[in-house]
Amino acid sequence: MASSATAPNSLSFFSSSLFLSSSHQFPKTYISVAKLGSGRVSKPLSVASQLATLPIISFEGEKIGETYLDLKTAPEDTARAVVHRAIVTDLQNKRRGTASTLTRGEVRGGGIKPYAQKKTGHARRGSQRTPLRPGGGAVFGPKPRDWSIKINRKEKRLAISTAISSAASAEGAIVVEEFGDKFEKPKTKDFLAAMKRWGLDPKEKAMFLMMDVEENVAKSGRNIGTLRMLTPRTLNLFDILNSDKLVLTPAAVEFLNARYGVDALETDEDEDDDEDSTEGAEETAE
């Protein structure tokens, strides 16, 4: 995650500690993952487990405890490539591919020959809809196409867990106790005051990950342009990379450890959730 000095409209993830070749080293355990029942695997998937301790802050802004995130992360030498591939896939899959132009055979008009072939002193011309004249067809213009590209489900999950783990290790993440019932009525002023108590700058981009967003909380924060409130269903890589601070709830931490931890088991429900997160990213773009 980037600091407040990050240039606007830039993804701040690549300035995090996981991608800097500095002296900051964190204990990691590398694991080789292979499919069960398969034979010899020439290039097993390398996964690192990175432990990060996060402070738990009360609604009033006081530290009341600590928790941890133990997520799968890509090794430092491949982390950039994994995350880059995942974010490019997400952004490219959002393209509708509906741009379309008319060729000289599709544009209207041009059925009659403009003038005689010879004895005019001009170049030969058979149609007024040639690409060389205004109103003519387009040459090699865009046509409807499918821009979507494929990424392995495990690779995409690894990119998300790597981004979250990097934010946590760079002290770009905090844990706030459940505050869904703290807002009796929607009020943006109260939410801004709570953010300041938690040490958050309203001018910096912040992403809140909660298991469920209460109506009063959603209405209190929807007028803050730098704020994003996500649930596990709408969690996506772009919002993680595009934020300066990651705010979690204790329930969200348990979800991340269970979903993206080293001992996490993949099920069919997880595959459905990955598809839902892709839809959430598309809604974010719109």
Ignoring hydrogens and angles, write down the donor-acceptor pairs under 3.5 Å from the side chains of residues 123-146, residues two or more places apart or on other chains.
| residue | atom | partner | partner atom | Å |
| --- | --- | --- | --- | --- |
| S127 | OG | G110 | O | 3.2 |
| S127 | OG | R129 | N | 3.0 |
| Q128 | OE1 | R133 | NE | 3.2 |
| R129 | NE | R108 | O | 2.6 |
| T130 | OG1 | L132 | N | 3.4 |
| K143 | NZ | T101 | O | 2.6 |
| K143 | NZ | E106 | OE1 | 2.8 |
| K143 | NZ | E106 | OE2 | 3.4 |
| D146 | OD1 | S148 | N | 3.1 |
| D146 | OD1 | S148 | OG | 2.8 |
| D146 | OD2 | S148 | OG | 3.0 |

Scan the side chains in residues 215-222 for donor-acceptor partners under 3.5 Å anywhere in the protein, sequence neighbours excluded, and list what turns up.
| residue | atom | partner | partner atom | Å |
| --- | --- | --- | --- | --- |
| E215 | OE2 | K219 | NZ | 2.9 |
| N216 | ND2 | F183 | O | 3.0 |
| N216 | ND2 | E184 | O | 3.3 |
| S220 | OG | K187 | N | 3.0 |
| S220 | OG | N216 | O | 2.6 |

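Each of T249, L227, T231 was compared with F208 under the side-chain contact (heavy atoms from CB on, under 4.5 Å) criterion, and only L227 meets it.
Hydrophobic clustering (ILVMFWY, side-chain heavy atoms < 4.5 Å, transitive): I164 and V253 are in one cluster. Residue I151 is not grouped with residue V88 when hydrophobic side chains (ILVMFWY) are merged at heavy-atom distances under 4.5 angstrom, including chains of intermediate members. Residues M211 and M229 do not share a hydrophobic cluster, clusters being chains of Ile/Leu/Val/Met/Phe/Trp/Tyr side chains in contact below 4.5 Å.
For E155, the salt bridge (charged side-chain N to carboxylate O under 4.0 Å, His left out) partners at least two apart in sequence or on another chain are R85. Residues passing the side chain to side chain donor-acceptor pair (under 3.5 Å) test with K63, sequence neighbours excluded: E66. Residues passing the side chain to side chain donor-acceptor pair (under 3.5 Å) test with K113 are Q117, sequence neighbours excluded. In this structure, Y68 has no ring pair (Phe, Tyr, Trp, His ring centres under 6.0 Å) partners at least two apart in sequence or on a different chain.
Under the 4.5 Å side-chain criterion, counting only non-hydrogen atoms from C-beta, P250 is in contact with V175. In this structure the side chain of L230 never reaches within 4.5 angstrom of the side chain of I240, judged on heavy atoms.
Contact between P202 and M195 at its shortest, heavy atoms only, is CA-CE, 4.2 Å. Across A167 and L246, no two heavy atoms sit closer than the pair CB-CD2, 4.5 Å. Across every non-hydrogen atom of V213 and M210, the tightest pair is CG2-CE, 3.7 Å. Taking every heavy atom of both residues into account, A206 and S243 meet most closely at C-CB, 4.4 Å. Between G97 and W147, the closest heavy-atom pair is CA-CD1, 3.6 Å.
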task = Might you work through the side chain to side chain contact (heavy atoms under 4.5 Å, CB included) test for K72 and Y260, ending with a clear yes or no?
result = CA-CA 6 Å; K72 294 179 182 178; Y260 300 102; 5.8 Å; no
message = What verdict does the side chain to side chain contact (heavy atoms under 4.5 Å, CB included) test give for I174 and K245, after you've listed the backbone C-alpha separation in whole Å, the side-chain angles of each residue and the deciding distance to 0.1 Å?
response = CA-CA 8 Å; I174 60 173; K245 201 73 173 181; 4.0 Å; yes
Step-by-step side-chain hydrogen bond (donor to acceptor under 3.5 Å, both in side chains) determination, N242 to D239 = CA-CA 5 Å; N242 198 34; D239 284 330; 5.5 Å; no
task = Report the C-alpha distance between K182 and D190 in whole Å, list the side-chain angles of each, state the deciding distance to 0.1 Å, and finish with yes or no for side chain to side chain contact (heavy atoms under 4.5 Å, CB included).
result = CA-CA 10 Å; K182 302 294 184 179; D190 293 344; over 6 Å; no
task = Begin with the C-alpha distance, continue with both residues' side-chain angles, and end with the deciding distance and a verdict on side chain to side chain contact (heavy atoms under 4.5 Å, CB included) for L158 and T73.
result = CA-CA 6 Å; L158 182 61; T73 61; 5.5 Å; no
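Rounded to the nearest 0.5 Å, atoms CG (L69) and CG (L54) are 5.0 Å apart. Put simply, CD1 on I64 and CD on E177 are 4.5 Å apart, with the number rounded to the nearest 0.5 Å. I56 CD1 to L248 CG: the interatomic distance, rounded to the nearest 0.5 Å, is 10.5 Å. Expressed to the nearest 0.5 Å, how far CG of L237 lies from CG of D90 amounts to 6.0 Å. Considering CG of L235 and CE of M207, their distance stands at 5.5 Å, rounded to 0.5 Å. Between the CD1 atom in I160 and the CG atom in L71 there is a gap of 11.5 Å [rounded to 0.5 Å].
Side-chain atoms of N93 come within 3.5 Å of backbone N or O of I149 as a donor-acceptor pair. Judged purely by atom type and a 3.5 angstrom limit, S165 has no side-chain atom pairing as donor or acceptor with the backbone of T162. Between the side chain of S166 and the main chain of A163, no donor-acceptor pair closer than 3.5 Å is present.
No salt bridge links K205 with D244; every basic N to acidic carboxylate O contact stays at or beyond 4.0 Å.
In this structure, F179 and W198 have tilted ring planes: the angle between them lies in the 30° to 60° band.
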